[in-house]
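One structure is given below, encoded as structure tokens.
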Amino acid sequence: MTTMVTITIDGQEISVKAGITVLQAAREADIYIPTLCEHPALSPAGACRICVVEVLGQRNLQSSCTFPVTDGMKIETESKRVVGARKLVLDMIFSERNHFCPYCEMSGSCELQDMGYRYRVDHWVFPTYTKAYPLDASHKYYLMEHNRCILCGRCIRACNELVANHTLGLGQRGSKSVVSADGSNPLGESSCISCGTCVQVCPTGALFYKRSAFMGKDSLTEKIKSTCNRCSIGCGTEVITRGGNVLRIMGDWEAPVNRGLLCRMGRFDLLYDNRRRITAPLLRTEGKLEEISWEKAIQTLARQIGAVKGSEIGVLAGSYSSNEALYLIKKLFNQELKVSNIGLTNAPAPRVFAKAQGKLDNIAESDIILVVGCDPLKDQPVISFIIKRAVDKGARLIVVDDKENGLAPFAFMTVGMADIGKAVEVAGRANSPFVLYGADITKAAEEALKKLEDKIKYVRVESGVNTVAATALGLNNGYNPAALKLIYVLLGEQKCEDDDLSRTISKNAFVVVQASYSSPLTERADLVLPAAIWSEHNSTLTNIEGRVQKITKAVEPAGRSKADWEALKLLSIELGKNIAVSEDKASAEVIKSL
Ligand code: SF4
Ligand code: SF4
Ligand code: SF4
């Protein structure tokens with residue numbers, strides 16, 4: 001049973017759980033206490049002394065972020081003594097390094113500046129600019145401006161506690177202290193994995209993104225909640241836009257799957273994709289791809305489909321296809337046009353266990369983590385953060401893989417597939433083992449893992465982004481390009497750098513490729529339909545836990561691009577089927593078959 005205590009904050013009596021901090025209690029009662037080194041996702045540090053409060057009976061002011069409540073406690077959050085102490089702290093912070101706000105990227109979005117206004121810090125009390133610190137511009141994606149750093153330690157705690165990467169620490173001592181990477185490396189030459197979490201938690205202009213530097217403070221931008229579509233986790237994002245352009249991507253602290261974290265792919269790669277966009281429908285005319293209208297493109301496609309039998313059509317769905325597009329493929333191609341030759345560009349992982357999957361959150365409660373035939377560090381990095389965090393807290397990791405695996409350096413045991421029996425034996429002795437397995441698992445390893453079924457929680461880790469939905473809808477019955485007369489490839493944003501896929505296609509087949517970027521496959525195509533990218537359309541994806549997650553349009557599509565499902569919807573109308581599709585309809589169809 002939860003023990004409650006009664007406390008009084010600023011004259012307001014409230015009942016809260018025993019043992020929580022004064023800051024947590026104040027927040028529950030909507031009473032504001034200013035903070036700087038504190039961040040809700042991080043452990044409290046009590047370092048900056050901005051959140052001090054007066055607790056009746058205590059001689060000294062107490063840091064509210066670390067001080068626990070007790071029954072009958074009386075607290076003042078803005079007494080004269082408290083305000084004086086905060087002002088002194090601010091005077092010292094502002095004087096210590098260079099906080100000349102007009103020249104700072106974060107001016108207008110800085111927690112220290114906000115605090116300065118709140119407590120009327122309008123001049124320097126102590127000597128300032130006494131020492132110049134270097135600017136570390138060595139990292140590809142962000143800058144470290146030590147002159148703006150207030151040594152709050154948020155970045156260090158984020159790198160250690162959330163990402164478990166342990167790159168950042170405090171270098172040197174006393175007034176010479178600086179945030180440092182791997183002791184003393186420039187960030188760009190350090191063990192940093194470019195997740196950007198440190199930048200996201202920094203309260204000042206000490207850490208900021210290169211790409212969006214000086215392009216707009218928060219009040220000039222729009223923030224749109226969306227989902228990263230770079231892997232099968234589907235991390236929640238906040239897409240920051242200004243004037244129709246995406247400036248940066250932040251992790252959504254409220255998203256249950258990633259709780260604010262993103263990896264390099266989701267935070268940076270999306271914005272640094274310099275492949276050539278396809279912005280208009282293209283039809284091969286006299287050997288060359290020529291721009292045409294959408295109307296003509298869809299009419300041409302419908303005519304080509306009408307000229308062949310269902311058995312002569314093949315469909316290949318790319319990893320990025322939305323729930324809505326996959327739903328339309330099933331309804332239009334499979335059910336209406338009787339196309340059975342449908343496959344996926346990514347091999348799905350097999351179903352090993354009869355029981356339902358667990359959640360990624362269960363990893364934190366496990367004592368043994370078995371990673372079999374998948375490499376989350378490379379392919380689903382936020383899962384690797386969760387695993388490394390669990391390892392930091394004492395869980396033991398076993399990697400079973402025949403390939404080089406990014407998680408191997410963190411494992412206490414690494415074996416090949418043929419030796420999975422040894423891993424199963426160790427996991428069998430654990431209290432709460434957790435298994436993550438992927439498409440590279442062998443048949444023999446599947447059988448070995450089944451022995452753990454009663455004991456484990458597990459998640460099937462798909463290498464394709466929306467493979468969960470594609471397989472739930474039954475869209476993987478063996479695509480075989482031989483002897484096909486018409487092939488529809490829903491490539492979307494997927495990379496297709498070699499021409500392996502095009503080599504499998506017969507010379508005489510009419511090839512339609514719906515794609516965002518130019519590739520060897522679009523060069524082979526007879527008809528190319530321009531596909532909108534992650535920031536340009538509304539749709540849904542289903543992640544490896546079976547969560548349906550929403551991609552929200554943040555900017556207008558490039559040129560005449562359309563969402564994958566919009567093109568299929570137009571085709572269904574042209575073919576006289578007019579298949580109704582909506583996010584709810586498509587998602588319900590996926591969920592019922594999971
Ligand atoms: S980007 Fe990520 S890994 Fe690199 S220093 Fe920051 S938190 Fe650590
Ligand atoms: S870089 Fe930012 S988050 Fe890190 S200690 Fe300095 S001010 Fe705090
Ligand atoms: S882990 Fe996957 S979904 Fe999350 S940010 Fe990285 S690529 Fe995107």
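In this text the structure is predicted, and so the values were computed from the model without any measurement. Both counts, for ligands and for their atoms, begin at 1 and track the order of listing.
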For ligand 2, does Ile150 get within less than 4.0 Å through its side chain, its backbone, both, or neither, judged by non-hydrogen atoms?
-> both

Basic-acidic side-chain contact under 4.0 Å: Arg230, Glu493 | yes

Can Gly196 be said to touch ligand 1, with heavy atoms closer than 4.0 Å?
-> yes

Under a heavy-atom criterion of less than 4.0 Å, does Tyr141 contact ligand 1?
-> no

Note: ligand 1 atoms sitting under 4.0 Å from heavy atoms of Cys198 are 1 (S), 5 (S), 6 (Fe), 7 (S)

Is the distance between atom 8 (Fe) of ligand 1 and the nearest N/O/S atom of Cys159 smaller than 2.8 Å?
-> yes

So the atoms of ligand 3 within less than 4.0 Å of a heavy atom of Ile233 turn out to be 1 (S)

Is Gln24 atom CD crowded by more than 12 heavy atoms from other residues, nucleotides or ligands, each under 6.0 Å away?
-> yes

Atom indices of ligand 3 within 4.0 angstrom of Leu262 heavy atoms, with elements | 5 (S)

Asp379 and Lys403 ion-paired at < 4.0 Å | no

For atom 8 (Fe) of ligand 3, decide whether Cys235 has an N, O or S atom at a distance under 2.8 Å.
-> no

Side chains of Arg49 and Ser63: closer than 4.5 Å at any heavy-atom pair?
-> yes

Cys152 contact mode with ligand 2 (heavy-atom cut-off under 4.0 Å) | both

Check the side chains of Ser321 and Asp564 for a donor-acceptor pair under 3.5 angstrom, ignoring hydrogens and angles.
-> no

Should the pair Arg86 and Tyr119 be classed as cation-pi, given the thresholds of under 6.0 Å to the six-membered ring centre and 45° from the axis?
-> no

Could you tell me which atoms of ligand 3, counted from 1 in the order shown, lie closer than 4.0 angstrom to a heavy atom of Cys228?
-> 3 (S), 5 (S), 7 (S), 8 (Fe)

Sidechain N-carboxylate O distance under 4.0 Å for Lys210, Glu105 = no

If the plane angle is over 60° it's perpendicular, under 30° parallel, otherwise tilted; pick one for Phe268 and Tyr272.
-> perpendicular

Close-contact set for ligand 3 against Arg230 heavy atoms, below 4.0 Å = 7 (S)

Please identify which atoms of ligand 2 are closer than 4.0 Å to at least one heavy atom of Leu207.
-> 1 (S)

Which of the atoms in ligand 1, numbered in the order shown and given with their element, are less than 4.0 Å from a heavy-atom of Tyr142?
-> 1 (S), 4 (Fe), 5 (S), 6 (Fe)

Do me a favour and list the nearest non-hydrogen protein atom to atom 4 (Fe) of ligand 1 with residue, atom name and distance?
-> Cys192 SG, 2.3 Å

Counting heavy atoms only, which of Leu261, Val382, Leu541 comes nearest to atom 1 (S) of ligand 3?
-> Val382

Which atoms of ligand 2 are found less than 4.0 Å from any heavy atom of Leu151?
-> 5 (S), 6 (Fe)

Give the residue and atom name of whichever protein heavy atom lies nearest to atom 2 (Fe) of ligand 2, and the separation in Å to one decimal.
-> Cys202 SG, 2.4 Å

Hey, do the aromatic rings of Trp253 and His39 have their centres closer than 6.0 Å?
-> yes

Tell me yes or no: between the side chains of Gln494 and Thr345, is some donor less than 3.5 Å from an acceptor?
-> yes

Where's the contact between Met144 and ligand 2, heavy-atom distance under 4.0 Å: side chain, backbone, both or neither?
-> side chain

Residue Ala206 vicinity, atoms of ligand 2 by number, heavy atom under 4.0 Å | 1 (S), 2 (Fe)

Leu168 and ligand 1 - part of the residue with a heavy-atom distance under 4.0 Å | side chain

Does a side-chain N-to-carboxylate-O contact under 4.0 Å join Lys378 and Glu404?
-> no

Subset of ligand 1 atoms that lie under 4.0 Å from at least one heavy atom of Ile193 | 3 (S), 4 (Fe)

Ala158 near ligand 2, heavy-atom distance under 4.0 Å?
-> no

Where ligand 2 meets Thr204 - atom numbers and elements under 4.0 angstrom, heavy-atom basis = 7 (S)

Residue among Gln549, Glu324, Arg547 satisfying side chain to side chain donor-acceptor pair (under 3.5 Å) with Thr540 = Glu324

State whether Asp91 and Lys87 are salt-bridged, where the test is any N-O pair (Lys NZ or Arg NE/NH1/NH2 against Asp/Glu carboxylate O) under 4.0 Å.
-> yes

With atoms numbered from 1 as shown, which atoms in ligand 2 lie under 4.0 angstrom from a non-hydrogen atom of Cys155?
-> 1 (S), 3 (S), 4 (Fe), 5 (S)

Donor-acceptor side-chain pairing of Thr167 and Ser190 below 3.5 angstrom | no

List every atom of ligand 2 that sits less than 4.0 Å from any heavy atom of Val179, numbering the atoms from 1 in the order shown and giving each element.
-> 5 (S)

Among protein heavy atoms, which lies nearest atom 6 (Fe) of ligand 3, and at what distance?
-> Cys263 SG, 2.3 Å

Heavy-atom contacts with Met265 under 4.0 Å: which atoms of ligand 3 show up? List them by number with element.
-> 7 (S)

Please examine the side chains of Arg267 and Gln200, heavy atoms only from C-beta on, and report whether any two atoms are closer than 4.5 Å.
-> yes

Over 12 non-hydrogen atoms of neighbours within 6.0 angstrom of NZ in Lys225 | yes

